[in-house]
Number of protein chains: 2
Amino acid sequence: MKLISWNVNSLRVRLAQVLQLLDEETPDALALQEIKMTEELFPLAAFAERGWHALVCGQKAYHGVALITRKKAELMHKGAPPGMDDAAARLVAARMDGITIVSVYAPNGQEVGSQAYAYKLNWFAHLADWAATLEGPLALLGDFNVAPEDRDVHDPKRWQGKILCSEPERAAFRDLLARARLTDAVRALTEAPMFTWWDYRLRAFERGWGLRIDHALVRGLSPVRACVRTDYRGMERPSDHAPLVVEVSP
Amino acid sequence: MKLISWNVNSLRVRLAQVLQLLDEETPDALALQEIKMTEELFPLAAFAERGWHALVCGQKAYHGVALITRKKAELMHKGAPPGMDDAAARLVAARMDGITIVSVYAPNGQEVGSQAYAYKLNWFAHLADWAATLEGPLALLGDFNVAPEDRDVHDPKRWQGKILCSEPERAAFRDLLARARLTDAVRALTEAPMFTWWDYRLRAFERGWGLRIDHALVRGLSPVRACVRTDYRGMERPSDHAPLVVEVSP
DNA sequence: GGTCAGCGCG
DNA sequence: CGCGCTGACC
């Protein structure tokens with residue numbers, strides 16, 4: 001079973017690249033983040049014409065996630081983690097072949113100590129609460145906006161304690177894995193660097209300054225292969241994230 | 001001698017199309033309007049590399065005109081018509097081979113009776129004052145924002161008395177021709193419709209709803225041939241105006 | 001409809 | 001840097 005996670009930073013702008021990725025990889029499920037559109041504007045037809053099903057959790061301008069699947073999947077949840085009293089479109093969960101698959105877009109947190117940072121930690125706690133209640137095989141695919149360890153950062157010193165890398169964020173991430181009994185699929189397979197995001201502002205990709213903040217977290221599924229499609233960062237108008245491709249077996 | 005006038009509606013967006021037009025037509029002079037940039041931002045190098053000279057009258061965000069020439073031309077005037085006490089970048093005039101060539105971007109006028117409308121009529125009066133003082137062969141090339149006669153409008157009834165077609169605008173346009181002893185080069189050659197502008201909003205081009213508001217007005221030069229490059233309206237991101245190509249002999 | 005400015009955001 | 005938004009202008 002092939003699973004892909006990709007923060008597209010606007011599906012409007014990246015639709016052609018998404019369709020190309022589906023053509024090239026034919027995954028069982030593709031989890032998209034930052035589609036930045038409402039469900040009404042989602043280009044359902046473009047996917048349907050090519051035989052893909054889509055479940056969408058959208059909103060205006062910001063965030064927004066989707067699950068593109070080869071087989072029809074059953075919607076289980078969308079919006080914020082349950083119990084959060086928040087409308088932000090950051091989750092869509094579905095059941096397919098007895099597996100729960102979730103597209104996840106965690107808050108960025110802006111700056112350590114900010115309101116947004118507190119919100120991010122709280123969001124992770126609620127996500128862990130919810131994921132711990134889910135039964136059976138599970139795959140969380142998405143942009144978690146956390147680089148779990150120093151080896152997930154091109155220059156750990158420079159990023160030391162900064163947003164995406166602070167110890168409370170890393171603890172929240174570890175807590176999610178522990179409480180929901182999830183495995184980081186990439187780290188189960190390799191210790192090599194596997195960056196997935198490069199800051200547009202710093203021209204970070206050209207300089208090799210990446211972070212690993214997109215993840216495939218699985219339970220009841222065995223990671224078999226993982227790779228990052230960095231070639232999608234070399235395209236005309238690339239997203240700042242590259243697609244993360246993971247193969248798992250039951 | 002081949003002269004072209006084109007309102008490009010942003011040179012930033014249309015640069016490739018302008019360079020293609022120069023390749024295809026190799027005119028003696030190309031008058032551009034609505035370049036929408038300051039002189040500092042003007043892509044001089046792109047023209048110079050291909051052997052073209054440029055004289056630019058630019059401003060931030062709106063308006064802005066330029067003259068692209070095969071031979072180096074001598075700058076005579078830029079800005080507003082003299083005597084207007086106005087900084088709007090709507091004119092650039094130069095002398096080339098003893099001929100005065102001017103790129104003209106007349107005010108739109110918004111609505112009949114508005115402040116902008118009064119300004120437009122005043123602007124035309126000052127343009128006529130100035131053009132009447134110029135000696136020798138003369139060519140005014142540009143977007144005059146006036147359809148001189150009903151046959152210059154796809155649907156004269158619909159446009160009757162409206163902006164671009166009102167009688168005071170037409171009178172101001174005729175007055176310019178009379179006082180500066182200018183000939184409308186297109187109408188000297190043909191009575192056929194020769195639309196140059198189509199409203200984006202109405203999807204006017206697809207419907208054939210054009211107006212002739214771009215003109216080549218000449219003195220001491222004999223019009224030989226005229227055409228509108230409507231194929232430039234079929235391109236990827238077209239301007240709302242098509243290039244007007246005119247050949248004249250001394 | 002399509003351009004630009006200026007702003008919020010990451 | 002590269003998104004989306006609002007608002008002005010044509």
Side-chain angles (χ1 to χ4, degrees), chain A residues 7-15 17 33-38 41 58-64 88-90 105-112 114-117 119-120 143-146 162-164 197-207 209 211 213-214 233 235-241, chain B residues 7-15 33-38 41 58-64 88-90 105-111 114-117 119-120 143-146 162-164 197-207 209 211 213-214 233 235-241:
Chain A
N7 179 323
V8 290
N9 188 15
S10 169
L11 182 57
R12 244 189 293 274
V13 175
R14 234 71 64 192
L15 178 59
Q17 293 182 33
Q33 300 88 37
E34 287 207 81
I35 62 170
K36 294 189 176 180
M37 57 175 59
T38 57
L41 289 176
Q59 68 176 69
K60 193 176 178 176
Y62 296 111
H63 320 322
R90 295 185 175 277
Y105 177 54
N108 168 280
Q110 285 188 175
E111 220 177 308
V112 173
S114 67
Q115 273 267 316
Y117 184 75
Y119 172 79
K120 179 178 189 172
D143 174 2
F144 289 81
N145 270 315
V146 175
K162 293 273 197 327
I163 197 70
L164 311 183
W197 174 78
W198 299 262
D199 197 321
Y200 279 133
R201 285 166 287 189
L202 307 169
R203 282 185 275 291
F205 185 71
E206 296 85 316
R207 297 173 171 170
W209 293 354
L211 274 78
I213 62 177
D214 300 271
R233 278 303 324 254
M235 293 189 167
E236 273 299 298
R237 292 174 74 183
S239 167
D240 47 348
H241 296 251
Chain B
N7 180 323
V8 291
N9 187 14
S10 170
L11 182 56
R12 244 189 292 273
V13 176
R14 233 73 64 190
L15 179 59
Q33 299 88 39
E34 288 208 79
I35 63 170
K36 294 188 175 179
M37 58 174 60
T38 58
L41 290 175
Q59 69 175 67
K60 196 173 177 176
Y62 296 111
H63 320 321
R90 294 185 176 276
Y105 177 54
N108 169 279
Q110 283 189 184
E111 219 177 307
S114 67
Q115 272 266 319
Y117 183 75
Y119 172 78
K120 178 177 189 172
D143 174 3
F144 290 80
N145 270 315
V146 174
K162 294 274 198 328
I163 198 69
L164 311 183
W197 175 78
W198 298 262
D199 197 320
Y200 280 132
R201 284 166 285 191
L202 308 168
R203 281 187 270 294
F205 184 73
E206 296 86 317
R207 295 174 171 168
W209 294 354
L211 273 78
I213 61 176
D214 300 271
R233 280 300 327 251
M235 293 189 166
E236 273 298 299
R237 291 174 75 184
S239 168
D240 47 349
H241 296 251

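Chain letters run A, B, ... following the sequence lines, proteins first and then strands; every chain starts at 1.
In this model, a donor atom of one side chain and an acceptor atom of the other lie less than 3.5 Å apart for B/Asp240 and B/Trp197. In the model, A/Glu34 has a side-chain atom that pairs as donor or acceptor with a side-chain atom of A/Asn7 under 3.5 Å.
OP1 or OP2 of D/dC3 sits under 4.0 Å from a side-chain N or O of A/Arg14. Side-chain N/O atoms of B/Lys120 include none lying less than 4.0 angstrom from OP1 or OP2 on D/dC10. Proximity of B/Arg12 to the phosphate of C/dC4: a side-chain N or O atom is located under 4.0 Å from OP1 or OP2. Dashed line: the shortest gap from a side-chain N or O of B/Arg237 to OP1 or OP2 of C/dG1 is not under 4.0 Å. OP1 or OP2 of C/dG6 has at least one side-chain nitrogen or oxygen of B/Lys60 nearer than 4.0 Å.
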Evaluation steps, side chain to side chain contact (heavy atoms under 4.5 Å, CB included), between A/Phe144 and A/Ile213:
CA-CA 6 Å; A/Phe144 289 81; A/Ile213 62 177; over 6 Å; no
Show the numbers, then the answer: is there a side chain to side chain contact (heavy atoms under 4.5 Å, CB included) between A/Gln17 and A/Val8?
CA-CA 9 Å; A/Gln17 293 182 33; A/Val8 290; over 6 Å; no
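For B/Glu34 and C/dA5, the CD to P distance is 13 Å, given to the nearest whole Å. The distance between atom OH of A/Tyr62 and atom C1' of C/dC7, rounded to the nearest whole Å, is 9 Å. Rounded to whole Å, the distance from CD on B/Gln33 to C1' on C/dT3 is 16 Å. Counting to the nearest Å, the P atom of C/dT3 and the CD atom of B/Glu236 are 12 Å from each other. Taking atom CG of residue B/Asn7 and atom C1' of nucleotide C/dG1, one finds them 15 Å apart after rounding to whole Å. Here D/dC9 presents its P atom at 10 Å from NE2 of B/His63, a figure rounded to the nearest Å. The separation between A/Arg203 atom CZ and C/dG10 atom P is 21 Å, rounded to whole Å. Summarising the geometry, the separation between CG on A/Asn9 and P on D/dC5 is reported as 13 Å, rounded to the nearest angstrom.
For B/Ala61, taking side-chain heavy atoms from C-beta onward, the closest of the listed nucleotides C/dA5, D/dC3, D/dC10 is C/dA5. Distance from the side chain of B/Tyr200 is smallest for C/dG1 among the nucleotides C/dG1, C/dG10, D/dC9. With distances taken from any side-chain atom of A/Val13 to the nucleotides D/dG4, C/dA5, D/dC10, the minimum falls on D/dG4. Side-chain atoms of A/Ser10 lie closest to D/dC3 of the nucleotides C/dC9, C/dG1, D/dC3.
Rounding to the nearest 0.5 angstrom, the gap separating the CD atom in A/Gln115 from the NZ atom in A/Lys120 is 15.0 Å.
In this structure, A/Gln110 reaches the sugar-phosphate backbone alone: every heavy-atom distance under 4.0 Å involves primed, P, OP1 or OP2 atoms, never a base.
For the pair B/Lys36 and A/Lys36, both in contact range of DNA chain D, the more 5′-proximal nearest nucleotide belongs to A/Lys36.
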